[in-house]
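First the structure, in the form of structure tokens, and then the observations on it.
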2 protein chains.
Amino acid sequence: MLKLTKKADYGLMALKYLAERPETVALSAKDIADAYGIPAQLLAKILQQLTRAGLLRSHAGMNGGYALSREAREISAYEVIHAIDGPFFITSCTKGAKGCELTPSCTIKEPLARVNDTIAGVLKSISIQDLAEHEHPHGRGHEVNALVSLTL
Amino acid sequence: MLKLTKKADYGLMALKYLAERPETVALSAKDIADAYGIPAQLLAKILQQLTRAGLLRSHAGMNGGYALSREAREISAYEVIHAIDGPFFITSCTKGAKGCELTPSCTIKEPLARVNDTIAGVLKSISIQDLAEHEHPHGRGHEVNALVSLTL
DNA sequence: TCAGTATACGACCAATTATGTCGGCGTTTC
DNA sequence: GAAACGCCGACATAATTGGTCGTATACTGA
Ligand code: FES
Ligand code: FES
């Protein structure tokens with residue numbers, strides 16, 4: 001039903017949290033989990049996935065934890081979602097490689113692929129920074145305007 | 001993971017099928033299901049939902065079935081999805097009415113609501129007609145261009 | 001070098017949701 | 001009145017997600 005998984009949600013929250021604290025060297029999974037009241041072990045796994053995807057740098061040992069591997073501005077929501085939930089297709093036939101069983105019958109797939117790309121584009125145009133900035137509504141000077149064109 | 005349900009997919013396929021046959025008075029659920037090789041009873045339920053939502057007109061009895069209740073051009077993909085899967089929220093907290101348990105902690109909800117609206121806008125800008133037309137690539141004269149603006 | 005704190009990873013279970021089926025009932029047409 | 005159809009709710013099953021556990025490994029500092 002076109003919904004983000006909780007994992008992706010958690011991942012975005014965590015990254016936003018990190019983006020809001022650029023001064024800190026690293027934050028442990030537990031720190032972040034506690035801040036939001038989400039299961040620590042689950043978040044740990046998510047952060048590990050993001051690390052593997054190259055969005056975070058991790059450091060074990062005391063005072064270890066995670067830190068953004070790039071500028072918050074350079075990390076898109078799309079990358080986060082992709083890293084956590086894998087490549088997404090709006091279409092139900094996620095067979096990825098070579099289409100699904102009903103490929104000949106389902107004539108709706110192709111137009112929806114355009115929609116898929118459009119949504120991906122929207123997500124790509126949003127950075128963690130955008131999410132973090134939104135936190136401070138007093139500033140309000142900075143507005144992001146993403147323009148997306150969809151051609152069927 | 002931001003994916004359409006099969007029901008919604010089936011629903012869109014069925015409507016497209018109807019849109020491609022404007023001359024026919026009505027098509028039974030079974031006819032359409034057979035055409036695409038999808039479970040007839042399941043499709044029947046979906047079509048019933050679409051009828052309740054006012055997108056289709058139904059007619060019982062012999063030679064009964066379903067027909068579009070409006071011009072294909074006037075039915076958006078959004079309406080179809082909404083009718084089948086209920087109101088959609090990108091955010092995982094679908095508690096609808098009054099937010100979720102973590103509302104104070106989850107600071108990401110609001111910016112994502114914008115994204116949600118953007119996607120809804122894209123879906124609203126696509127009509128069943130658009131899907132049906134795409135079938136005939138020889139015509140190719142008619143292109144739809146939806147422009148969506150996202151402001152965070 | 002040892003205790004403490006942290007990530008890494010895979011297996012596993014639990015909860016939820018999506019998908020599909022069944023049976024009975026109401027309606028329309030022939 | 002019987003065949004062909006829609007209508008509805010309750011179920012059963014399958015798939016996905018969400019979350020836990022156990023253990024191994026890495027780093028730090030005293
Ligand atoms: S459902 Fe598989 S091609 Fe559309
Ligand atoms: S998870 Fe509920 S408000 Fe974001």
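Chain A is the first sequence line, chain B the second, and so forth, proteins listed ahead of strands; every chain is numbered from 1.
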Between [options], which nucleotide has the shortest distance from any of its atoms to the side chain of [X]?
X	options	value
A:Pro39	C:dA6, D:dG19, C:dA8	D:dG19
A:Met62	C:dG26, C:dT5, D:dG19	C:dT5
B:Thr5	C:dT7, C:dA18, C:dT21	C:dA18
B:Tyr66	C:dT7, C:dA18, D:dC7	D:dC7
B:Ser28	D:dC27, D:dG6, D:dT17	D:dG6
B:His59	C:dA8, C:dT5, C:dT28	C:dT28
A:Leu42	C:dT7, D:dG18, D:dG6	D:dG18
A:Thr51	C:dA8, D:dT20, C:dT27	C:dA8
A:Ala29	C:dT7, D:dG6, D:dT20	C:dT7

(request) Establish whether the base of C:dT7 is bridged to the side chain of A:Lys30 by a donor-acceptor pair shorter than 3.5 Å. (result)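 By the distance-only test, no, there is no pair.
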(request) Examine the base of C:dT21 for any acceptor or donor lying under 3.5 Å from a partner atom in the side chain of B:Lys45, and report the outcome as yes or no. (result)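 Present.
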For atom [atom1] of [X] and atom [atom2] of [N], their distance in whole Å:
X	N	atom1	atom2	answer
B:Leu27	D:dA4	CG	P	17 Å
B:Gln41	C:dC25	CD	C1'	15 Å
A:Asn63	D:dG29	CG	P	7 Å
B:Leu4	D:dA15	CG	P	19 Å
A:Gln48	C:dA11	CD	P	15 Å
A:Ile38	D:dG18	CD1	P	12 Å
B:Leu47	D:dC8	CG	C1'	14 Å
B:Gln49	D:dC8	CD	P	11 Å

(message) Does A:Asp34 have more than 12 heavy atoms from other residues, nucleotides or ligands lying within 6.0 Å of its CG?
(response) yes
(request) Could you tell me whether B:Arg52 contacts a base, only the sugar-phosphate backbone, or nothing, with contacts defined as non-hydrogen atoms closer than 4.0 Å? (result) sugar-phosphate
(request) Check every strand shown and say whether A:Ala44 touches a base, only sugar-phosphate, or nothing at a heavy-atom separation below 4.0 Å. (result)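 Nothing: the residue A:Ala44, judged by heavy atoms under 4.0 Å, touches no strand.
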(request) Please figure out whether A:Gly61 or A:Ala8 has its closest DNA chain D nucleotide nearer the 5' end. (result)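 Residue closer to the 5' terminus by nearest nucleotide: A:Ala8.
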(request) State the CD-NZ distance between A:Gln49 and A:Lys7, to the nearest 0.5 angstrom. (result) 6.0 Å
Side chains of [X] and [Y] in contact at under 4.5 Å (non-hydrogen atoms):
X	Y	value
A:Leu56	A:Leu18	yes
B:Leu123	B:Val80	no
B:Glu79	B:Arg70	yes

(request) Given side chain to side chain contact (heavy atoms under 4.5 Å, CB included), test A:Leu68 with A:Leu55 step by step and report yes or no. (result) CA-CA 6 Å; A:Leu68 299 182; A:Leu55 303 182; over 6 Å; no
(message) Check the phosphate of D:dG18 against A:Tyr10, side-chain N and O only, distance under 4.0 Å to OP1 or OP2. Yes or no?
(response)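 It does not, given that no N or O in the side chain of A:Tyr10 lies less than 4.0 Å from OP1 or OP2 of D:dG18.
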